[in-house]
2 protein chains.
Amino acid sequence: MSTYSVGQVAAIAKVTVRTLHHYDEIGLLSPGGRTPAGYRRYEDADLDRLQQILFYRELGFPLEEIAAILDDDSVSPTEHLRRQHQLISARITHLQELAAAVEHAMEAQKMGISLTPEEKFEVFGADYQESWESEAEQRWGNTDAWQQSQRRTARYDKADWQRIKAEMDSLNSRLVEVFSAGSAPDSAEAMEAAEAHRQHISDNFYDCTYEIHRCLGAMYLSDPRFTATYEDLAPGLAQWLHDAILANAASH
Amino acid sequence: MSTYSVGQVAAIAKVTVRTLHHYDEIGLLSPGGRTPAGYRRYEDADLDRLQQILFYRELGFPLEEIAAILDDDSVSPTEHLRRQHQLISARITHLQELAAAVEHAMEAQKMGISLTPEEKFEVFGADYQESWESEAEQRWGNTDAWQQSQRRTARYDKADWQRIKAEMDSLNSRLVEVFSAGSAPDSAEAMEAAEAHRQHISDNFYDCTYEIHRCLGAMYLSDPRFTATYEDLAPGLAQWLHDAILANAASH
DNA sequence: CTGCTGCCTCACGTCGCGTGAGGGTCAAGT
DNA sequence: ACTTGACCCTCACGCGACGTGAGGCAGCAG
């Protein structure tokens with residue numbers, strides 16, 4: 001198995017040595033080993049990873065996010081390639097739209113027509129990272145909350161997700177506890193639990209105002225997926241949680 | 001004629017207020033006017049300019065370069081659009097190559113084959129040639145020579161380029177010949193070759209005065225790209241050609 | 001006249017490197 | 001055995017294109 005020095009890798013991948021140093025510094029790409037003198041030695045696997053990194057970089061992903069994507073070992077290499085292909089296609093369509101817009105502008109110019117301000121900027125709106133989880137996006141559209149959540153969660157690594165999962169579990173068991181004790185949705189404990197729930201979302205996903213929290217509560221009843229998880233914990237819990245959220249929101 | 005506040009422009013163009021402030025700071029986009037209270041007021045012309053800025057930004061140009069491009073009033077709006085379209089197309093082809101490379105990688109993976117390191121990074125080398133063109137523009141910027149060259153070469157087709165390439169090759173081999181024979185830069189043959197070089201440029205690109213030819217000679221030494229091509233033909237040739245050009249210019 | 005929203009100007013923080021400075025390493029030639 | 005030159009190392013500061021408050025004026029609504 002052959003290994004490569006920084007300079008060699010830099011030459012092959014057409015990046016600078018400094019870039020490789022940087023990737024090592026931030027832990028994005030650390031060489032497989034070092035010589036006794038401290039020289040970095042990259043292995044074939046490192047080259048593979050570098051290639052992946054450059055792909056995602058080319059598509060405009062921040063390095064931290066790339067690290068998160070690549071370190072998520074629940075995704076197979078094949079799956080990665082599929083994703084990349086999808087992302088590239090999305091990007092291409094976006095550029096084609098841009099090209100079409102330019103043509104449009106040329107037409108308009110030749111005819112001496114001027115476009116409305118909104119028309120001029122239409123094409124820039126499309127945040128090309130769509131296509132990906134468009135399911136949730138359809139519902140929440142381009143609300144600020146959703147976008148904020150996207151930005152934040154993109155950076156989370158496995159440990160973060162584990163912590164969040166654990167917090168959610170403890171929140172849920174607290175809910176079940178209060179609910180099973182027979183407390184009314186507008187009791188102090190119920191409202192406290194609802195507030196904790198809201199706080200958890202604010203901390204980890206997006207600024208969850210009382211307004212938004214109310215919407216969430218409604219969704220726990222209307223969206224079968226959510227209803228299922230709560231009803232699974234305890235029958236009647238979805239409705240109760242919904243009421244508790246309303247009560248808590250009203251009290252603030 | 002309506003005007004817009006920063007916030008309004010930000011909303012229309014989907015950029016942040018801070019971005020507009022920044023563009024104002026660096027002089028890339030200053031609003032047409034201000035209210036007595038110091039509030040920025042953008043006019044329709046400013047929106048047009050902003051649109052152009054965003055186009056070029058999307059294509060990865062640094063802001064300083066964008067300013068240079070847009071402030072070059074020798075370029076008509078139509079010409080701008082033509083350029084943009086060209087740039088977008090180039091970018092699309094590049095991405096399509098990337099996509100093809102991904103497909104290639106998928107194939108290889110399915111077959112259990114592993115690619116050579118060089119193969120893996122081939123596509124990234126396609127450092128799209130437009131960058132050099134714009135770089136040259138920065139240096140030679142709005143000199144008449146550059147513009148003349150642009151106008152003329154725009155109409156050249158493949159056959160023209162082939163002819164020019166052939167002529168250049170024969171000129172270069174003549175240079176190498178004279179140089180390798182040990183002739184001094186101020187010998188008759190050397191000066192003749194230099195003169196032929198100048199003539200070729202005048203015929204195909206722009207009126208190359210002796211003055212300009214001298215500058216070119218200097219650039220063959222100062223610009224690594226040119227130095228490389230001549231040094232590649234024969235070590236020491238760059239310096240020698242430079243001297244020959246000077247001698248030839250002096251004799252006229 | 002109080003509050004709210006939008007605008008202003010500093011001014012420091014961030015990301016992805018570029019660019020030396022100062023110094024060790026190692027194969028090749030003399 | 002010694003020198004040279006290419007390559008490597010680790011700091012550490014700089015830069016472009018903004019993000020993100022802090023502190024304060026402007027203008028209107030109730």
Side-chain angles (χ1 to χ4, degrees), chain A residues 3-42 46 50 53-70 124 127 144 147-148 150-152 154-155 206-207 209, chain B residues 3-42 46 50 53-70 124 127 131 134-135 138 224:
Chain A
T3 82
Y4 312 83
S5 70
V6 261
Q8 288 171 333
V9 175
I12 295 174
K14 282 147 193 166
V15 296
T16 67
V17 170
R18 176 66 177 110
T19 299
L20 293 175
H21 283 176
H22 184 56
Y23 291 172
D24 191 3
E25 270 175 37
I26 64 172
L28 176 55
L29 177 69
S30 304
R34 297 245 186 171
T35 70
Y39 285 25
R40 275 163 256 251
R41 301 264 62 178
Y42 291 87
D46 297 328
L50 178 54
I53 292 172
L54 294 183
F55 263 115
Y56 283 113
R57 188 185 71 167
E58 181 91 17
L59 292 169
F61 284 80
L63 298 185
E64 209 174 336
E65 209 164 310
I66 296 178
I69 295 173
L70 294 182
F124 292 111
D127 213 356
D144 295 340
Q147 285 174 25
Q148 192 181 12
Q150 280 294 82
R151 277 201 306 278
R152 287 220 232 157
R155 301 234 157 110
Y206 49 85
D207 297 331
T209 62
Chain B
T3 82
Y4 312 83
S5 72
V6 263
Q8 288 171 334
V9 174
I12 294 174
K14 284 146 193 166
V15 296
T16 67
V17 170
R18 175 65 176 111
T19 299
L20 294 174
H21 283 177
H22 185 57
Y23 291 172
D24 191 2
E25 271 176 39
I26 64 172
L28 176 56
L29 178 68
S30 304
R34 298 245 186 171
T35 70
Y39 285 25
R40 275 163 256 252
R41 300 267 62 179
Y42 291 87
D46 298 327
L50 177 55
I53 292 172
L54 294 183
F55 262 116
Y56 283 112
R57 190 185 70 168
E58 179 93 16
L59 292 169
F61 284 79
L63 299 185
E64 208 175 334
E65 207 164 312
I66 296 178
I69 295 172
L70 294 183
F124 295 110
D127 217 0
S131 67
S134 55
E135 198 179 313
Q138 264 203 340

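Reminder, nothing fancy here: chain letters follow the sequence lines and each chain counts from 1. Note that the structure is a prediction, hence the values are computed from the model and not measured.
- Remark: B/Leu54 CG to B/Thr19 OG1 distance equals 9.0 Å, nearest 0.5 Å.
- For C/dC7, the OP1/OP2 oxygens have no side-chain nitrogen or oxygen of B/Thr35 closer than 4.0 Å.
- Rounding to whole angstrom units, CD of residue A/Gln8 and P of D/dC7 are separated by 10 Å.
- Taking atom NE2 of B/His22 as the reference point, atom C1' of C/dG13 lies 15 Å away to the nearest angstrom.
- For the pair B/Arg57 and D/dC18, the criterion of a side-chain N or O lying under 4.0 Å from OP1 or OP2 is met.
- Side-chain nitrogen and oxygen atoms of B/Thr16 include none within less than 4.0 Å of the OP1 or OP2 phosphate oxygen of D/dC18.
- Taking atom CG of residue B/Asp24 and atom P of nucleotide C/dC8, one finds them 9 Å apart after rounding to whole Å.
- Applying the 4.0 Å criterion to OP1 and OP2 of C/dG16, one finds that A/Tyr23 has every side-chain N and O outside that range.
- With C/dC26, C/dC17, D/dT20 as the choices, the nucleotide that has an atom nearest any side-chain atom of B/Arg18 turns out to be D/dT20.
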| task | Apply the test side chain to side chain contact (heavy atoms under 4.5 Å, CB included) to residues A/Val9 and A/Arg40: give CA-CA distance (whole Å), side-chain angles for both, the deciding distance (0.1 Å), then the verdict. | result | CA-CA 10 Å; A/Val9 175; A/Arg40 275 163 256 251; over 6 Å; no
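- The nucleotide whose nearest atom lies closest to any side-chain atom of A/Thr19 is, among C/dG18, D/dT10, D/dA17, C/dG18.
- Remark: P of C/dG6 and CZ of B/Arg41 are 14 Å apart, rounded to the nearest angstrom.
- Contact annotation for B/Arg34: backbone-only contact, meaning every heavy-atom pair under 4.0 Å involves sugar-phosphate atoms and none involves a base.
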| request: Begin with the C-alpha distance, continue with both residues' side-chain angles, and end with the deciding distance and a verdict on side chain to side chain contact (heavy atoms under 4.5 Å, CB included) for A/Thr3 and A/Asp46. | output: CA-CA 10 Å; A/Thr3 82; A/Asp46 297 328; over 6 Å; no
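- Remark: P of C/dG20 and NE2 of A/His21 are 16 Å apart, rounded to the nearest angstrom.
- Here the side chain of A/Glu65 pairs no donor or acceptor atom with the backbone of A/Pro62 at under 3.5 angstrom.
- Regarding B/Ile66, its CD1 atom lies at a distance of 9 Å from the P atom of D/dC18, rounded to whole Å.
- Side-chain atoms of A/Val6 lie closest to D/dC9 of the nucleotides D/dC18, C/dG16, D/dC9.
- Here OH of A/Tyr23 is found 6.5 Å from CD1 of A/Ile53. Values are rounded to the nearest 0.5 Å.
- Per the geometry, CG belonging to B/Leu54 stands 14 Å off C1' belonging to D/dC18, to the nearest Å.
- Summarising the geometry, the separation between CD on B/Glu65 and P on D/dG16 is reported as 13 Å, rounded to the nearest angstrom.
- Listed candidates were D/dT10, C/dC8, C/dC26. Nearest to the side chain of A/Arg40 is D/dT10.
- At a cut-off of 3.5 angstrom, counting only N and O atoms as typed in the model, there is a donor on one side and an acceptor on the other between the side-chain of A/Tyr39 and the base of C/dG24.
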